[in-house]
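Every chain is numbered from 1 and lettered A, B, ... according to where its sequence line falls, protein lines coming before strand lines.
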Amino acid sequence: MRKAVSRIWTAFAILAAGALAAPASAELIGDAQRGATLFERQCKACHQIGEGAINRVGPQLNRIFGRRAATGADFTYSKSMARMGADGLTWTLETLDVYIENPKALVSGTRMNYRGMADDQSRSDLLAFLRTLSDNPQNIPEAEPTARMTDHDLDPAILSIKGDPEYGEYLSSECVTCHQPDGTDQGIPAITMWPEEDFVIAMHAYKRKFRPHPVMQMMASRLSDEEIAALAAYFATLGQ
Amino acid sequence: MSLNRRLFIGTAAAMTAGLAAPWVRAQTKPRVVVIGGGPGGGTVARYLAKDAGDALDITLVEANPIYTTCFFSNLYIGGFWDFENLQHGYDKIAAGGVTVINDMAMGVDRAAKTVTLAGGQVLPYDRLVLSPGIDFKDGSVPGWSADQHAEIMPHAYKAGPQTQLLKKQVEEMREGGLFCMVAPPNPYRCPPGPYERISMVAHVLKTRNPTAKILVLDPKDKYSKQALFEEGWQKHYSGMVEWLGPDMGGGVVEVRPDTMEVVVDGEVTKVDVCNVIPGQMAGKIAQIAQVTDDNGWAPVMPDSMKSKLDENVFVLGDASAQGDMPKSGFAANSQAKIVAMTIRGELTGSKVFPAKYTNTCWSLIAPEDGVKVGASYEPTPEKIASVTSFVSNTGEDAALRKATYEESLGWYAGITTDIFG
């Protein structure tokens with residue numbers, strides 16, 4: 001989170017700080033009250049939260065923090081979300097923040113029909129609200145999920161790189177050993193005809209290990225920003 | 001790209017129609033001969049045709065008209081995959097502009113730059129690609145030779161009738177019988193392969209013949225994905241699998257096919273099925289072409305897979321000695337793309353990018369219990385060196401293991417499309 005609203009100190013944090021002589025402060029996630037209003041406006045049509053919440057169009061969101069993706073009881077998730085859950089995606093402050101910012105960038109085939117919340121502060125506020133309805137130990141910075149946020153936003157300079165599709169075609173030979181160029185989606189997701197920006201965001205999410213899949217983390221880890229842009233440019237047009 | 005090429009071919013065809021027969025043009029093209037139509041050779045031929053089919057004359061020589069993949073052949077033994085689904089023809093590679101010849105390469109004259117086929121045909125080349133896979137080292141397992149004993153004690157390490165034979169033997173084994181595997185010494189094709197096979201045999205026996213036992217005799221003191229396999233065998237096939245490493249005599253093994261006996265460190269054991277996976281070396285044509293070293297593998301340049309002994313010859317896949325990459329279909333497919341790019345660059349002047357390689361190997365331990373290991377690689381002056389790697393963890397939950405298995409099915413579809421079209 002870029003703008004700290006305020007800081008709190010807990011007994012736990014003070015103890016830890018005393019031992020390490022390091023500033024173990026925890027930033028508040030955001031303004032939970034404002035988050036509740038945002039939830040009313042933007043989420044409530046599909047999601048319930050709080051006492052008596054049940055699954056509707058989307059799953060109920062009590063205790064979402066620390067939950068493995070696609071493991072809410074009695075809800076049928078998209079194939080894509082189920083795969084991310086199986087790969088190890090767990091909802092933490094960081095991963096929820098990435099997801100709410102642009103759902104399809106994290107979970108390509110999610111059924112959540114929501115364009116995303118671009119404003120950092122609004123997301124922080126919404127997450128602060130959701131956090132109050134998760135019963136993990138709250139406000140203890142060392143507890144999982146941590147109460148601190150890190151900046152995951154991609155540098156606009158990276159997003160503005162114009163990819164060279166011909167270079168992308170060469171690089172793509174590494175991808176098509178598993179991902180089929182005709183867009184077949186069988187055990188391994190299709191990567192053709194994605195909007196370039198989504199492709200770039202998704203690859204950087206692997207590179208920075210928000211997305212959990214080990215093969216993809218490995219592949220992304222050695223791709224430069226230019227190479228990711230080139231692949232995005234190539235696969236965006238493939239199959240058209 | 002494909003649109004441009006189609007346009008170009010259309011224009012070229014229109015031009016030649018008025019000027020000269022196409023074969024006159026064809027003779028002037030640089031010639032690439034690829035020997036071996038597996039994950040290495042098939043991919044090289046298909047990529048060359050895809051990216052430079054109008055500029056090169058590409059011939060693929062493969063003895064079998066239908067290729068049977070070694071990868072996933074263990075799943076066939078386990079009953080998880082049909083034999084037909086291991087098999088792939090060359091019609092799409094041929095349709096892509098490759099001349100496919102189903103014959104055996106018998107000779108290579110590197111001075112004259114020609115290849116002689118069993119049928120007598122002589123193929124001149126400008127660049128030769130050897131992707132012949134493996135052959136077995138005679139005398140590697142005392143008492144056993146591929147020519148004389150593979151019908152009694154199958155190796156099943158080149159997929160095809162041998163795989164079918166081993167599956168039949170396992171299924172027909174007497175109740176409470178003993179299945180024995182003589183595991184290979186390093187280096188060999190598909191490092192987790194023998195142990196995935198043990199898992200698949202154990203699965204079959206658990207279902208059909210639960211009092212049967214499995215004995216693995218291994219000259220190696222450790223092997224690929226060992227912790228994962230050991231955990232899986234304990235979990236799914238408890239008490240069934242006994243593994244003897246070199247300190248327990250697993251490395252001093254003699255077999256007696258006539259009496260179905262195995263001698264371990266002097267002690268004779270009667271076995272019911274015996275799978276002998278012997279020591280290995282580069283496929284025969286690499287030996288004939290004299291591009292192999294004293295160990296029987298073909299040393300290559302890490303940045304191109306070009307033979308260290310001949311600048312016009314490339315060796316890739318299992319047959320090559322390149323450094324850290326395992327001998328796997330995935331690795332051969334990865335190397336093939338570098339070979340195709342390098343040859344295209346040399347013969348047509350197209351751009352050559354720095355080489356990068358990858359490998360991932362999935363293994364199935366039990367139904368829906370899949371694991372994987374993988375790494376990325378880059379050339380150094382000495383060898384192809386591992387850069388980063390990962391391996392599945394022990395104790396993973398069932399959902400992740402199932403997803404890993406399903407991913408391997410997707411990979412099979414993906415890589416076979418990438419190789420064979």
Asker: Tell me, yes or no, whether the heavy-atom count around A:E197 atom CD, taken from other residues, nucleotides or ligands under 6.0 Å, exceeds 12.
Answerer: no

Asker: Could you pull out the closest heavy-atom pair between A:I188 and B:G410, with the gap in Å?
Answerer: CD1-C, 3.7 Å

Asker: Between chain A and each of B:A398, B:S376, B:A336, B:G374, count heavy-atom pairs under 4.5 Å; write down the option with the most.
Answerer: B:S376

Asker: A side-chain contact here means heavy atoms from C-beta on lying under 4.5 Å apart; do B:T388 and A:R222 qualify?
Answerer: no

Asker: So how far is it from B:K351 NZ to A:Y170 OH, rounded to the nearest 0.5 Å?
Answerer: 11.0 Å

Asker: Nearest 0.5 Å, what's the CE-OG1 distance between A:M219 and B:T358?
Answerer: 4.0 Å

Asker: What part of B:N359 lies closer than 4.5 angstrom to a heavy atom of chain A: side chain, backbone, both or neither?
Answerer: backbone

Asker: Atom OG of A:S173 and atom CG of B:N333: how far apart are they, to the nearest 0.5 Å?
Answerer: 8.5 Å

Asker: Could you measure the distance from the OG1 atom of B:T404 to the CG atom of A:D87? Nearest 0.5 Å is fine.
Answerer: 7.5 Å

Asker: Could you check whether any side-chain heavy atom of B:K372 comes within less than 4.5 Å of a side-chain heavy atom of A:P214, counting everything from C-beta outward?
Answerer: yes

Asker: Quick one: NZ on B:K50 to CD on A:E169, what's the gap to the nearest 0.5 Å?
Answerer: 5.0 Å

Asker: Are the charged groups of B:K356 and A:E227 less than 4.0 angstrom apart, N to O?
Answerer: yes

Asker: Could you tell me which portion of B:Y47 (side chain, backbone, both or neither) has an atom closer than 4.5 angstrom to a non-hydrogen atom of chain A?
Answerer: side chain

Asker: Are side-chain heavy atoms of B:D397 and A:R68 found at a separation under 4.5 Å?
Answerer: yes

Asker: Please round to the nearest 0.5 Å and tell me the distance separating atom CH2 of B:W411 and atom OG1 of A:T177.
Answerer: 9.0 Å

Asker: For B:Y412, is it the side chain, the backbone, both or neither that has a heavy atom under 4.5 Å from a heavy atom of chain A?
Answerer: neither

Asker: Among residues 413-420 of chain B, which ones touch chain A with a heavy-atom distance under 4.5 Å?
Answerer: B:A413, B:G414, B:I415, B:T417, B:D418

Asker: Answer with side chain, backbone, both or neither: which region of B:T360 has an atom nearer than 4.5 Å to a non-hydrogen atom of chain A?
Answerer: side chain

Asker: Between B:E406 and A:R83, does the side-chain contact (heavy atoms from CB on, under 4.5 Å) criterion hold? Intermediate values first, please.
Answerer: CA-CA 10 Å; B:E406 286 168 356; A:R83 182 184 287 132; over 6 Å; no

Asker: Below 4.5 Å, heavy-atom pairs only: which of B:A375, B:A399, B:A340 has the largest tally toward chain A?
Answerer: B:A375

Asker: Measure across B:S389 and A:M218 and return the closest heavy-atom pair with its distance rounded to 0.1 Å.
Answerer: CA-SD, 4.4 Å

